[in-house]
Peer 1: 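Quick one: the structure is below, questions incoming.
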Amino acid sequence: MKVLIYNEFVHEQHDGPAKDMYPRGMHMAIAEEIQKIDDSLEFSFATLENHKEVITREKLAETDVLVWWGHMRHHLVDDDVVTLICDEVNKGMGLIVLHSGHESKIFRKLMGTRCGVEWYERGDHGRIWILDQTHPIAQGVPNPLELEAEETYGEPFTVPTPDELIGVTWWKGGEIFRGMSVYHRGLGKIFYFHPGHETYPSYYNPGVIRAIDNGIHYVAPKMRIDELTSHHIQPHEP
Ligand code: ZN
């Protein structure tokens, strides 16, 4: 299975604490941690710097699942690339949107809403309670899944009602957040998962990695179509 990870890759090159936490970038940490538990995936990578060259129509056509992490530079992601990605999700490609990717152009376009959250950052303890223990993404994930320190994301989260709500996060500060959910768009599935602020160790947390790995398998296409156009046809019965 082919997995393409897009990471903006700006914080880890320029901000001390993020550099210390993920010296080779979050994309590398995510892939390396997943490879410890799953050898069935073939990873490739794109960053803000090279995304126009890497994320082409041809590349997406052979990608089963795209994983997306972006934060401060959403506005610099090329609009043509955004259109290609949204079309490919509608054709069946799987998409995983992590953490601050909730503000990305692709997530907002696919959701059709503003996708805003209430947030603050003080490294609080978060606790993800699994609501659907039968869900494939929840298998092998501790319940609750403890996040030792994270950026707090709270409600209201201005997204459509999730098609599948897998977990809800409780925060020390009193907030809650629907941060583990699946949306269906066209033939594609989108898994939104909130852990992963650049200065906290969530992508070294085995439960978080297990959920992302399960998510990759869950949103991977069972069926894929080549085009999205309408067709004029003759009646099936004369
Ligand atoms: Zn963050």
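Order of listing sets the numbers, starting from 1, for every ligand and every atom in it. Just the heavy atoms: all of them, side chains too, but no hydrogens, waters or symmetry mates, feed the values below. Bear in mind the structure is a predicted one, so any value in this text is a computation, not a measurement.
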Peer 1: Leaving out waters, which are not shown anyway, how many protein N, O or S atoms lie closer than 2.8 Å to the Zn ion (ligand 1)?
Peer 2: 3
Peer 1: Check this for me: does any side-chain nitrogen of one of Glu151 and Arg122 sit under 4.0 Å from a carboxylate oxygen of the other?
Peer 2: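 Salt bridge between Glu151 and Arg122, a charged N being under 4.0 Å from a carboxylate O: no.
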Peer 1: Heavy atoms, side chains only, cut-off 4.5 Å: are Leu98 and Phe193 in contact?
Peer 2: yes
Peer 1: Sequence neighbours excluded, which residues qualify as side chain to side chain donor-acceptor pair (under 3.5 Å) partners of Glu150?
Peer 2: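 So Glu150 forms a side chain to side chain donor-acceptor pair (under 3.5 Å) with Ser202.
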Peer 1: Does the pair Tyr200 and Glu121 meet the rule for a side chain to side chain donor-acceptor pair (under 3.5 Å), with working shown?
Peer 2: CA-CA 11 Å; Tyr200 300 124; Glu121 196 224 317; 2.7 Å; yes
Peer 1: Does His99 have its ring centroid less than 6.0 Å away from the ring centroid of Tyr153?
Peer 2: yes
Peer 1: Keeping His51 on the side-chain end and Asp78 on the backbone end, is there a donor-acceptor pair under 3.5 Å?
Peer 2: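 Yes, His51 side chain to Asp78 backbone: donor-acceptor pair under 3.5 Å.
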